Amino acid sequence: MSRPVVTRFAPSPTGMLHIGGVRTALFCWLFARKHKGTFILRIEDTDLSRSTDDNIRIIEEGMAWCGLDWDEGPVPGDPSRWIGAHGPYRQMQRMESHYKPAVDKLIAAGQAYRCRCAKEDLDARRAAVEAKGVPFQYNRGLDKGNGCRHKNHDASEPFAVRLAMPEGTEPWLEDGAIVWTDLIKGRLAFPAESMDDWIIARTAETCEIGVPTYNFCVVVDDTGMNVSHVLRGDDHVSNTPKQIALYHAMGYEQPEFGHVPMILGKDGAKLSKRHGATSITEYQEMGFLPAAVRLALARLSWTPKVDGQAPETAEEELLTDAQMIELFDLKDIQKSPARFDMDKLSWMNQKLVQRATWQELEPHLAHFMPAAWTTKDDEWKRIAIQATQKGKSLKEMGESLAFCWERPTEFDERAVEKFMTEPVKPALRAVAEQKDYAHDALQAAFNGILEAHNLKLKDLAQALRVVLCGKPVSPPIFDTMYLLGREEVLARLERWI
RNA sequence: GGGGCCAUCGUCUAGAGGUUAGGACACUGCCCUUUCACGGCGGUAACAGGGGUUCAAUUCCCCUUGGCCCUACCA
C-alpha cells in the first residue's frame, strides 16, 4: 500500500450525531493521524427529506466539540464553501459535476441500464416471489429475466438506473463470489448470485437521471476524493460487495475496507434512544470532557498494545490523544460488537477531570455555571475548580458550587439538630470575627477557636456547612468560606448567632 | 426465509495446545478522613452447549444455541 492514507467519515444528517458514528469517525481520525494522512468529513445528504442545513450544522458542531478536526470537508455553517481540493463535500452539490457523468458512462458502457419497471409492477413481482418463501431480488433467482436488463430502454420515458451485477462467471470473481480482505474482519466472500441489479439512480419526474443512491455516491466520492481506507460501521458489510461490483464497472481502483463492530446498548441490542443518550450533545450536557468521550469510545472494541501488551493498570487505561494516535492499529480491533458502558466513561471522565489543570477545565466548566461565573477573577476560579475537582463530571462540579450563587432557603433538619449544638454557637461568633479569608489564615484562626472552645474541626466545619449551604455537604470548609467571601459568610451567619 | 458477522467475569478485555485463566470498570470488605468525595489495601466473579483432533483444548475443526447486521427507487 503505497497510496497516501486518506480516510473519511460520511454521516447522513439525521438531526443528531450518533455516538456510534462518532466512534467510527474517531477510528478514521486516529488512523489518518497515525499515518500522517488526510481525514475527510463528507455529508451524505442524498436523502432529501431529512437533509437540512440545521441537521448538517449539528454534525459539524458535534464533530468539532469532540475534537475530531477534518482536513477536508465543509466549512461549518456555510454551505457555499469548503476546504480541500476534492469538494464539494455535500453530496447534493455533486450531482451535475460528478454523479450524472458517472451514470452516463456506465449506461454507455452497458454496465448499467435504464429500468422502467413501475412501482406496482415491482410490488406484484415481489409478492409473487415472496409467496414462495424466497426473498425477492431484481433479475435474480425467480425474477431472473423478468426485468429491463436486456431491453435497452432509451431515455424517452422516466427511468431508474440499475447496475448490471456480475452473473457469477466473471473472471474477477472467486468461485462465483465477490471477495475482499477486510482490514478488521479478514476474508469476506459473498456469492454474486445472491445480489441483484440494484438501483444506482432513482426515477426522476422528467426523462433525466434522478438522484443517485447512497451506494453509488459513496463509490464515486471515495474514488474522487482519493480515499485509501474505507473504515465504516459493520452495518455496511453487506453493501460492500455491491460497491465492489461498481468499482469494477467504473474501472476504479478499489480502496481497502475495514468494518468496525457496532456499539450495543447495555442489553446487547443495537444502541438506540431507549438505552439513554445516543446523541453526542447529550454527553456534552452530562458534563463529560471531549477527551473522556474520545477515550471511552476508542476503547470499545480496541485494545491498545504497548510492546504487545494490553493495559495492565488503571493508569495505563488512561491514554492521551497522542498515545492513542501512536498506538492505534487496525489489527487490535475486535471483530465482535461491544456494549456501551456508561460507568467506565464516568470513571475515565473523573480521572481526566482530576488530572486536568484548572485552566484546562475552565472553558468547559463555563457551560455549567451561571452568568456570574464570568465575573469572577482567576484566583477565585482556581480555588473553585480545585475545590470541586474530585467530582465525576463538569456538571457535578457546577452543582457543588451552587452554594456560591444562592443563599440556602431551607436547612437540613437532621443536620441542624446534630451540628448546631450549644457549644458550637460561641465558636460561630468567633468565626464571624475573622477577617482574613486566605486559607492559611483561616487555618490558624480555626486552630485557636477550636482550642478555646474545646471543639473538633468536624464540629465547627459541619455547623458552618449547615449555616452556609443549608446542608452538611460542601467543598473543604476553608474553600467554601473563601469562595463566599467574608461579607456573604457574615450575612449567612447572622440568623444563627 | 436468505446472505454475512460474532461468542472469556455483570461490562470492556488479555491470553496460550499444558496458566493459580491476567487487568480495568462496576460491586463489595477494611483503612484514611474536615462533610461529600478522593485515595490506599483486599475480596466476589468468566472460557455458552455438544461432538471431534490431541498425551492434553477454554485455545484447532464441525454442529447446536444465542446475539447482531443486511435483505428499500433509506443511509
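The model shown is predicted, which means the values in this text are computed figures rather than measured ones. Below, chain A is the first sequence line, B the second, and so on; all start at residue 1.
Using a 4.0 Å heavy-atom cutoff across all strands shown, A:Ser346 reaches no nucleic acid atom at all. A:Lys418 comes within 4.0 angstrom of no nucleic acid atom, judged by non-hydrogen atoms across all strands. When heavy atoms are screened at a 4.0 angstrom cut-off, A:Arg299 is found touching the sugar-phosphate backbone but no base atom. Among the heavy atoms of the strands lying under 4.0 Å from A:Cys117 is at least one base atom, whether or not backbone atoms are also near. Using a 4.0 Å heavy-atom criterion, one finds that A:Lys392 contacts the sugar-phosphate atoms exclusively. Within the 4.0 angstrom heavy-atom criterion, only backbone atoms of the sugar-phosphate kind lie near A:Ala189; the bases stay farther away. Nucleic acid contact class of A:Phe478 (heavy atoms, under 4.0 Å, all strands): base. Heavy atoms of A:Glu130 sit nowhere under 4.0 angstrom from any nucleic acid atom.
Picking from B:G3, B:C74, B:A14 the nucleotide with the shortest atom distance to the side chain of A:Thr303 gives B:A14. Taking the side chain of A:Ser238 as heavy atoms from C-beta on, and the options B:C12, B:G4, B:G3, the nearest nucleotide is B:G3. Among B:G23, B:C73, B:C6, the nucleotide with an atom closest to any side-chain atom of A:Ser336 is B:C6. With B:C12, B:A24, B:U35 as the candidates, the nucleotide lying closest to the side chain of A:Arg339 is B:C12. Relative to the side chain of A:Phe190, the nucleotides B:G3, B:C25, B:U35 differ in distance, and B:G3 lies closest. Listed candidates were B:C6, B:C36, B:U34. Nearest to the side chain of A:Val473 is B:C36. Nearest nucleotide to the side chain of A:Arg126, out of B:A72, B:C5, B:G15: B:A72. Nearest to the side-chain atoms of A:Lys344 among the listed nucleotides B:C25, B:U34, B:A14 stands B:C25. Of the candidate nucleotides B:U13, B:U34, B:G39, B:G39 has the atom nearest to the side chain of A:Gln354. For A:Met262, counting side-chain heavy atoms from C-beta on, the closest listed nucleotide (B:G4, B:A75, B:C68) is B:C68.
Within 6.0 Å of atom NZ in A:Lys418, 12 or fewer heavy atoms from other residues, nucleotides or ligands are found, so the atom counts as exposed in its surroundings. In this structure, A:Glu193 places its CD atom where only 12 or fewer heavy-atom neighbours from other residues, nucleotides or ligands lie under 6.0 Å away.
To the nearest whole angstrom, the two C1' atoms, one in B:U8 and one in B:G23, are 13 Å apart. Nucleotides B:U64 and B:C25, compared at atom P, are 40 Å apart to the nearest Å. When the P atom is used for both B:G4 and B:A46, the distance is 35 Å, rounded to whole Å. A distance of about 28 Å separates the P atoms of B:A45 and B:C32, rounded to the whole Å. Taking atom P on both nucleotides, B:U58 is separated from B:G49 by 9 Å, rounded to a whole Å. Comparing B:C6 with B:C61, their P atoms sit 11 Å apart, to the nearest whole Å. Spacing between B:U35 and B:G67 at atom P, rounded to whole Å, works out to 49 Å. The same atom, P, is picked in B:C31 and in B:A16; the two are 41 Å apart, to the nearest Å.
Base pairing analysis places B:C74 opposite nothing; no Watson-Crick or G-U wobble pair with both distances below 3.5 Å involves it. Using the Watson-Crick or G-U wobble rule with both distances under 3.5 Å, B:G17 pairs with nothing in any strand shown. Searching all strands for a Watson-Crick or G-U wobble partner of B:C27 with both distances below 3.5 Å returns B:G43. B:G66 is paired with B:C6 under the Watson-Crick or G-U wobble criterion, all donor-acceptor distances under 3.5 Å. Pair check for B:U54 finds none; no Watson-Crick or G-U wobble contact set falls under 3.5 Å.
In this structure, the OH atom of A:Tyr214 is 9 Å from the P atom of B:A75, given to the nearest Å. The separation between A:Ile263 atom CD1 and B:C68 atom P is 16 Å, rounded to whole Å. Taking atom CG of residue A:Leu401 and atom C1' of nucleotide B:A37, one finds them 14 Å apart after rounding to whole Å. Between A:Leu188 atom CG and B:C69 atom C1' there is a gap of 12 Å when expressed in whole angstrom units. A straight line from CD of A:Glu316 to C1' of B:G23 spans 9 Å, rounded to a whole angstrom. Rounded to an integer number of Å, the gap from NZ of A:Lys305 to C1' of B:C12 is 14 Å. Regarding A:Leu442, its CG atom lies at a distance of 17 Å from the P atom of B:U34, rounded to whole Å. In this structure, A:Gln137 atom CD and B:A72 atom C1' are separated by 13 Å, rounded to whole Å.
Ranked by how close their nearest RNA chain B nucleotide is to the 5' end, A:Pro212 and A:Trp347 are led by A:Trp347. For A:Pro11 and A:Gly308, each mapped to the nucleotide of RNA chain B holding its nearest heavy atom, the one lying further toward the 5' end belongs to A:Gly308.
A distance-only check finds a donor-acceptor pair linking the side chain of A:Arg339 to the backbone of A:Lys266 [under 3.5 Å]. Looking at A:His18, its side chain does come within 3.5 Å of a backbone N or O of A:Gly20 through a donor-acceptor pair.
Looking at A:Thr203, its side chain comes within 3.5 Å of the base of B:C73 through a donor and an acceptor atom. For A:Asn239 and B:A75, a side-chain-to-base donor-acceptor distance below 3.5 Å is present, hydrogens and geometry of angles not being considered.
Just one residue in the list A:Lys242, A:Arg149, A:Arg162 forms a salt bridge (charged side-chain N to carboxylate O under 4.0 Å, His left out) with A:Asp197, and that residue is A:Arg149.
Proximity of A:Leu122 to A:Tyr138: side-chain heavy atoms (C-beta onward) are separated by under 4.5 Å at one or more points.
Between A:Thr213 and B:A72, a side-chain N or O to OP1/OP2 separation shorter than 4.0 Å is absent.
Look at A:Asp154 and A:Arg114 and you find no salt bridge, because none of the NZ, NE, NH1 or NH2 atoms lies under 4.0 Å from a carboxylate O.
Defined by atom type and a distance below 3.5 Å, a donor-acceptor pair is present between the side-chain atoms of A:Arg465 and A:Ser474.
Aromatic ring centres of A:His236 and A:Tyr214 lie closer together than 6.0 Å.
For B:C68, the O4'-C1' to base torsion is more than 90° from 0; the nucleotide is therefore anti.
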